[in-house]
Enquirer: 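I have a structure here, written as structure tokens, and I will follow up with some questions on it.
Nothing here was measured: the structure is a model prediction, and the numbers come from that model. Heavy-atom basis, side chains included; hydrogens, waters and symmetry copies ignored. Below, chain A is the first sequence line, B the second, and so on; all start at residue 1.
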2 protein chains.
Amino acid sequence: MLAAAEIAVIQDTRRRLLFAAGEVFAERGFHQATVREITERAGVNVAAVNYHFRDKAELYRVVLKECHCHSESMGGPMPVEGDTAEDRLRCFVDAFLHRLLHPDRPAWQGLLMAREMTQPTDALDALVEECIRPCSRDLEVIIHELTGGKLSKDREWMLAFSVVSQCLFYLHDRPLIERLYPKLAIQPPTIEQLVEHIHAFSLAAIRAAQ
Amino acid sequence: MLAAAEIAVIQDTRRRLLFAAGEVFAERGFHQATVREITERAGVNVAAVNYHFRDKAELYRVVLKECHCHSESMGGPMPVEGDTAEDRLRCFVDAFLHRLLHPDRPAWQGLLMAREMTQPTDALDALVEECIRPCSRDLEVIIHELTGGKLSKDREWMLAFSVVSQCLFYLHDRPLIERLYPKLAIQPPTIEQLVEHIHAFSLAAIRAAQ
DNA sequence: ATCAGTTTCAAATGCTTGTTTGAAACAGAA
DNA sequence: TTCTGTTTCAAACAAGCATTTGAAACTGAT
């Protein structure tokens, strides 16, 4: 029987590998990342990758899964049954942006997601089905209510895309933002400010939709 | 003295290299792209890359430059001096979306841009200053007029971001869209439909901004 | 026909990569 | 201690890569 502390020691190199791998995969992407850089940064031997995980690909899969599980635990206030559609829209934007940009979330997790978006791997399919589609359904319901169900499905999708795209912009296009307005690189708007803006912007637009 | 046709023949392998390189770089990214695949697809010898260009990196630089120049020549109707701010906003969205999604534009050009967004190279800085910032200024002026100049610069930026982000979404997050709504992968909305939607959505939101 | 310059090519070179290996270090049990 | 299973490690391996090379093919001019 092993004490928790001893298990932690035993699995120390495994944990260090996972953390280092997250950083390096995010910085360089899967193919440009080398197991040598990962193991050096983790302070372990190269062979540790093949011992604790089967190979580089398996290491990546585990990193991505950890990333996803970790992001589940954060987010803004959950919507309540009795809330109005307006409030639930705000909750949605709030939760989504917190998921994407929360400072407690290691920066490399957002980068990994962005990479999956331009160079999709098999992991993206799983991510969409398990995590993104449920979120998407929530938003569809909200928009359906806000528009009184008078619009076609296609138009509802486009409204949903307009909401989501504003959030994703601050995750995916940060390099663009920082080059256009260097000031924002130093003093970025708070997540609360972004939520407030995107909620107001989208609500006005959805209300006007017909 | 050489006839134009003869020059074309002489530089044939160079042109074929550039075209094949554009495709392969976009499909695989710079590092995953191999000189061998590029030269095979172009039907020329491996050494041609080092003869016509110094190396793989120089080939990439030239491809990116060609891509940028080519995209300048297309776009929707230019705004006219006397147009209202509303019309100029539509022109902006139209021109921007055409630039990003025009079917005549080889698909790999959009992909290359998306790649620059998640893995910026030096080329991105040049691109922002030469092409994106001027466009951005146009939009700022339009928004300034639409809001009567009553908002802070920061709020004007956020409104501009909300407009631009909706356009970029269809360029950057296509893998997401196609997985969420497979129907849209087969029968995507026309650019005109997107312009109509984004213009209406944004205009209503900007008008409501205060 | 000969020549000089340009362009192509097959083969080889040297480097980096992911992965394997076999020995060594370590831990707990008998 | 001795034994057994686990974990680490330095070194080596095999494959893939960009790049080089030197000869061959081709071009237009002399």
Side-chain angles (χ1 to χ4, degrees), chain A residues 1-64 112 115 119 121-123, chain B residues 1-64 112 115 119 121-123:
Chain A
M1 188 63 174
L2 295 174
E6 287 169 322
I7 291 176
V9 170
I10 286 175
Q11 296 196 335
D12 188 48
T13 60
R14 185 188 156 92
R15 286 192 309 104
R16 292 170 67 164
L17 261 178
L18 276 176
F19 189 80
E23 288 184 337
V24 177
F25 279 139
E27 280 175 26
R28 312 223 186 283
F30 176 76
H31 283 92
Q32 292 165 248
T34 69
V35 300
R36 280 181 169 78
E37 177 172 3
I38 291 171
T39 51
E40 278 169 20
R41 204 179 288 202
V44 303
N45 189 270
V46 246
V49 166
N50 297 77
Y51 179 77
H52 288 278
F53 309 88
R54 183 151 31 87
D55 52 16
K56 183 186 174 186
E58 171 71 12
L59 173 59
Y60 180 76
R61 270 181 236 113
V62 177
V63 165
L64 209 73
L112 269 186
R115 263 176 220 289
Q119 317 190 25
T121 70
D122 293 342
Chain B
M1 186 60 176
L2 296 175
E6 287 169 325
I7 291 176
V9 170
I10 286 176
Q11 297 197 333
D12 188 48
T13 61
R14 184 188 156 93
R15 285 191 311 103
R16 292 169 66 164
L17 263 179
L18 276 175
F19 189 80
E23 288 184 335
V24 177
F25 279 138
E27 280 175 27
R28 313 222 186 284
F30 176 76
H31 282 92
Q32 294 166 247
T34 69
V35 174
R36 280 181 169 77
E37 178 171 1
I38 291 171
T39 51
E40 277 169 19
R41 204 178 288 201
V44 304
N45 188 271
V46 249
V49 165
N50 296 77
Y51 179 78
H52 288 279
F53 310 88
R54 182 150 31 87
D55 52 17
K56 184 185 173 187
E58 171 72 12
L59 172 59
Y60 180 76
R61 271 180 235 113
V62 177
V63 166
L64 210 73
L112 272 185
R115 266 177 218 289
Q119 318 190 26
T121 69
D122 293 343

Enquirer: Looking only at heavy atoms, what is the nearest atom pair of B:Ala20 and B:Ile38, with distance?
Expert: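 B:Ala20 and B:Ile38 have their closest heavy atoms at CB-O, 3.6 Å.
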Enquirer: Would you mind reading off the distance between B:Asn45 atom CG and C:dT7 atom C1', rounded to a whole angstrom?
Expert: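 Distance check: B:Asn45 CG to C:dT7 C1' gives 11 Å.
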Enquirer: Is there, by distance only and without an angle test, a donor paired with an acceptor across the side chain of A:Arg36 and the base of C:dG18 below 3.5 Å?
Expert: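 Under the 3.5 Å cut-off, the side chain and the base do form a donor-acceptor pair.
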Enquirer: D:dT20 P sits how many Å from B:Phe53 CZ, rounded?
Expert: 15 Å
Enquirer: What's the CD-C1' distance between A:Gln32 and C:dT16, to the nearest Å?
Expert: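 That distance rounds to 14 Å.
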Enquirer: Rounded to whole Å, please give me the gap between CZ in A:Arg14 and C1' in D:dT8.
Expert: 16 Å
Enquirer: Reading DNA chain C from 5' onward, which residue's closest nucleotide shows up sooner: A:Thr34 or A:Ala47?
Expert: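 Going by which nucleotide is closer to the 5' end, it is A:Thr34.
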Enquirer: Picking from C:dA10, D:dC9, D:dC17, which would you name as closest to the side chain of A:Val44?
Expert: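 Nearest nucleotide to the side chain: D:dC9.
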Enquirer: Using only atom types and a distance under 3.5 Å, with no angle test, would you say the side chain of A:Lys56 pairs donor to acceptor with the backbone of A:Ala33?
Expert: yes
Enquirer: Within this structure, what is the CD1-to-C1' distance between B:Ile38 and D:dT19, rounded to whole angstrom?
Expert: 14 Å
Enquirer: Between A:Arg41 and A:Glu27, does any NZ, NE, NH1 or NH2 come within less than 4.0 Å of an OD or OE carboxylate oxygen?
Expert: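 Between A:Arg41 and A:Glu27 there is a salt bridge, with a charged N closer than 4.0 Å to a carboxylate O.
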Enquirer: Could you check how far NZ of B:Lys56 sits from P of D:dT19, rounded to whole Å?
Expert: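 Going from NZ in B:Lys56 over to P in D:dT19 covers 8 Å.
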Enquirer: Among the candidates C:dT8, D:dC9, D:dT8, find the nucleotide nearest to the side-chain atoms of B:His52.
Expert: C:dT8
Enquirer: Is a donor-acceptor pair below 3.5 Å formed from side chain B:Asn50 to base D:dA18, judging by atom type as modelled?
Expert: no
Enquirer: In whole Å, what is the span from the CD atom of A:Glu37 to the P atom of C:dG18?
Expert: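 A:Glu37 atom CD is separated from C:dG18 atom P by 10 Å.
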Enquirer: Starting from P on C:dC9, measure out to CG on B:Leu17 and report it in whole angstrom.
Expert: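 Going from B:Leu17 (CG) to C:dC9 (P), I get 10 Å.
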